[in-house]
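Take a look at the structure set out below.
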Amino acid sequence: MLSEVLLHELRVVDARSVILELGSQRRALFTRARRAVLHYVLEGVVDITAEGMEETIRLAPGEWALLLYGDRHCLNLPSSRKAGETKIVMDTRVSEAPTTIHVGSHLSGAAILSSSLDMGYMAPAAFVNRVVPVCWATRPAARGSNIAAVLSLDPSRVRSACQGIGGTAFATNFVSLLLVQAIRETYEQYWQSRDVEVRSPSTRRISVALHKMHMHLDRNWSLAELARETGLSRSAFCAIFREHIGRSPASYLTQVRMARAAQLLNVEGMSLHEVSRRVGYRLESSFARAFRQRYGSCPRSYAAKEAQQRRSRARGSCANEVLDN
């Protein structure tokens with residue numbers, strides 16, 4: 001059942017989003033990564049080229065493209081197809097709104113909401129036995145699909161909603177909805193005529209456990225509780241989890257908690273006690289010890305170093321703007 005797959009197996013756990021402003025003479029390069037990438041065009045016309053894709057896909061405002069397998073791809077203005085490349089790095093900081101990245105000249109020819117989607121888990125076989133195209137474009141106006149037409153929105157208003165207080169939250173939920181719509185349309189156009197298995201019991205069980213972990217990092221999870229969520233015995237759950245993820249549930253949970261803690265340490269004004277509580281540690285000392293084991297430094301030193309690097313990047317960006325002008 002497709003709804004079950006969308007609710008449990010392809011659900012967005014987190015999204016890293018940026019507003020990409022494309023100018024002339026440069027292309028935006030997204031390197032290969034095992035995370036789905038979604039681009040929603042806010043203004044201008046954008047060309048997308050990707051490895052394994054024979055033709056260029058051109059998108060207009062209000063249209064979006066999904067690269068479910070995270071293949072290496074480039075975005076550029078139609079006039080900048082053979083220009084040099086600028087590698088895009090998604091910011092992992094927690095911020096009120098997606099940051100804006102300028103590529104090419106400062107006279108922006110297009111703007112795109114670009115998001116790297118963390119869906120918790122995709123089976124390794126999905127990247128080998130692919131059932132959807134490398135890049136799937138959704139055009140609500142041109143295609144006439146009832147599914148896609150639901151999101152025929154005003155792109156300028158979408159951009160405004162991504163700015164200011166709560167902008168990141170809006171962007172994350174918005175691209176999650178775009179993902180659902182894109183996959184529904186893909187299924188309608190591509191899968192229904194083929195004998196494709198879109199459900200795997202073991203993947204679903206692991207996805208349920210991953211979703212619970214990601215959504216409730218502050219909870220004091222026990223192995224028995226996680227196994228109960230999946231309807232498996234503890235031994236069976238551990239075996240299936242290790243088979244799919246490559247590590248134990250406890251090890252994976254610690255990894256996710258520390259990654260989240262690293263994000264929260266960049267939030268101005270958030271205390272160490274609050275960070276440790278949000279990622280499931282009642283004692284700051286226990287949290288600090290786990291963090292040091294993961295990142296090689298104590299939380300306070302890590303936060304100070306990250307803040308210094310942000311200031312350096314900001315100074316470098318200002319210097320580059322002066323030189324460009």
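Computation of the quantities below employed the complete heavy-atom set of this structure, encompassing side-chain atoms and omitting hydrogens, waters and symmetry-equivalent molecules. Position 1 is the first residue of the sequence, and the numbers go up from there.
The two residues Ala110 and Val45 have their closest heavy-atom pair at CB-O, 4.1 Å. Contact record, Gly52 with Val134: O-CG2, 3.9 Å, taken as the closest heavy-atom pair. Scanning both residues, Val175 and Ser115, for their nearest heavy atoms gives CG1-OG, 3.3 Å. The heavy-atom pair separating Ala262 from Tyr302 by the smallest distance is CB-OH, 3.6 Å. Considering every non-hydrogen atom in both Phe291 and Ser297, the closest pair reads CD2-O, 3.3 Å. Contact record, Leu29 with Glu85: CD2-OE1, 3.6 Å, taken as the closest heavy-atom pair.
Rounding to the nearest 0.5 Å places CG of Leu253 at 7.0 Å from CG of Leu226. How far OG of Ser248 is from CZ of Phe241: 7.5 Å, rounded to the nearest 0.5 Å. Remark: Leu265 CG to Ser271 OG distance equals 10.0 Å, nearest 0.5 Å. Distance check: Arg277 CZ to Leu264 CG gives 10.5 Å after rounding to the nearest 0.5 Å. Note that OG1 of Thr49 and CD1 of Ile57 are 10.0 Å apart. Values are rounded to the nearest 0.5 Å. Interatomic distance, CG of Asp14 versus CG of Leu117, reported as 9.5 Å (0.5 Å rounding).
Remark: the backbone N or O of Arg282 is not paired with any side-chain donor or acceptor of Ser286 at under 3.5 angstrom. Looking only at distances, a side-chain donor or acceptor of Glu63 sits under 3.5 Å from a matching main-chain atom of Ala60. A donor-acceptor pair under 3.5 Å is formed between the side chain of Ser276 and the backbone N or O of His273.
Counting only heavy atoms from C-beta outward, the side chains of Tyr40 and Thr138 never approach each other to under 4.5 Å. Contact check for Arg139 versus Leu59: side-chain heavy atoms found under the 4.5 Å cut-off. Between Ile101 and Val103, some side-chain heavy-atom pair lies under the 4.5 Å cut-off. At least one side-chain heavy atom of Ile19 sits under 4.5 Å from a side-chain heavy atom of Leu113. Side-chain contact check for Thr100 versus Val18: every heavy-atom pair is 4.5 Å or farther apart. Annotation: side chain of Leu42 is not in contact with side chain of Ile112 (no heavy-atom distance under 4.5 Å). Contact check for Met90 versus Ser17: no side-chain heavy atoms found under the 4.5 Å cut-off. For the pair Leu179/Met119, a side-chain contact is recorded, criterion being any heavy-atom separation below 4.5 Å from C-beta on.
In this view, Phe170 and Phe174 satisfy the ring-ring contact (aromatic ring centres under 6.0 Å, His included) rule, not counting sequence neighbours. Legend: residues meeting salt bridge (charged side-chain N to carboxylate O under 4.0 Å, His left out) with Arg159, ordered by chain and number and at least two apart, are Glu21, Glu43. For the side chain to side chain donor-acceptor pair (under 3.5 Å) test, residues two or more places apart in sequence or in another chain that qualify with Asp47 are Arg58.
Remark: of the listed residues Phe30, Trp136, Trp64, Phe30 is the sole one forming a ring-ring contact (aromatic ring centres under 6.0 Å, His included) with His39.
When the shell of 6.0 Å around CD of Gln25 is examined, it contains 12 or fewer heavy atoms from other residues, nucleotides or ligands.
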**Prompt:** Would Ile206 and Glu243 satisfy side chain to side chain contact (heavy atoms under 4.5 Å, CB included), going step by step from the backbone distance to the final call?
**Reply:** CA-CA 10 Å; Ile206 294 303; Glu243 176 188 352; over 6 Å; no

Practice prompt. Determine, stepwise, if the pair Val279 / Asp218 fulfils side chain to side chain contact (heavy atoms under 4.5 Å, CB included).
Written response: CA-CA 5 Å; Val279 295; Asp218 59 336; over 6 Å; no

Does the side chain to side chain contact (heavy atoms under 4.5 Å, CB included) test come out yes or no for Leu210 and Ile245, once each step is laid out? CA-CA 10 Å; Leu210 292 173; Ile245 305 301; 4.0 Å; yes

**Report entry** Audit row: Cys135, Ile48, side chain to side chain contact (heavy atoms under 4.5 Å, CB included) steps and yes/no
**Finding:** CA-CA 9 Å; Cys135 181; Ile48 299 179; 4.3 Å; yes

Could you walk me through whether Arg32 and Asp71 pass salt bridge (Lys or Arg N to Asp or Glu O under 4.0 Å), step by step?
CA-CA 5 Å; Arg32 183 179 178 84; Asp71 293 282; 2.7 Å; yes

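Counted by atom type alone, Ser116 and Arg35 present one or more donor-acceptor pairs between their side chains at under 3.5 Å. Checked by atom type, the side-chain pair Arg26/Thr86 shows a donor-acceptor distance below 3.5 Å.
Think of Leu283 as one node in a network of Ile, Leu, Val, Met, Phe, Trp and Tyr side chains linked at under 4.5 Å; it has no links at all.
Contacts classified as side-chain hydrogen bond (donor to acceptor under 3.5 Å, both in side chains) and involving residues 252-261 (residues at least two apart or in different chains) are given here: His214-Tyr252, Arg247-Gln255, Arg260-Gln263. A side-chain hydrogen bond (donor to acceptor under 3.5 Å, both in side chains) check over residues 221-232, counting only residues at least two apart or in different chains, returns the pairs Arg219-Glu225, Ser222-Glu225.
Follow the hydrophobic side-chain contacts under 4.5 Å out from Leu66 and you never reach Val13; the two are in separate clusters.
In this pair, Tyr281 and Phe287 present their aromatic rings tilted. The plane angle is within the 30 to 60° band.
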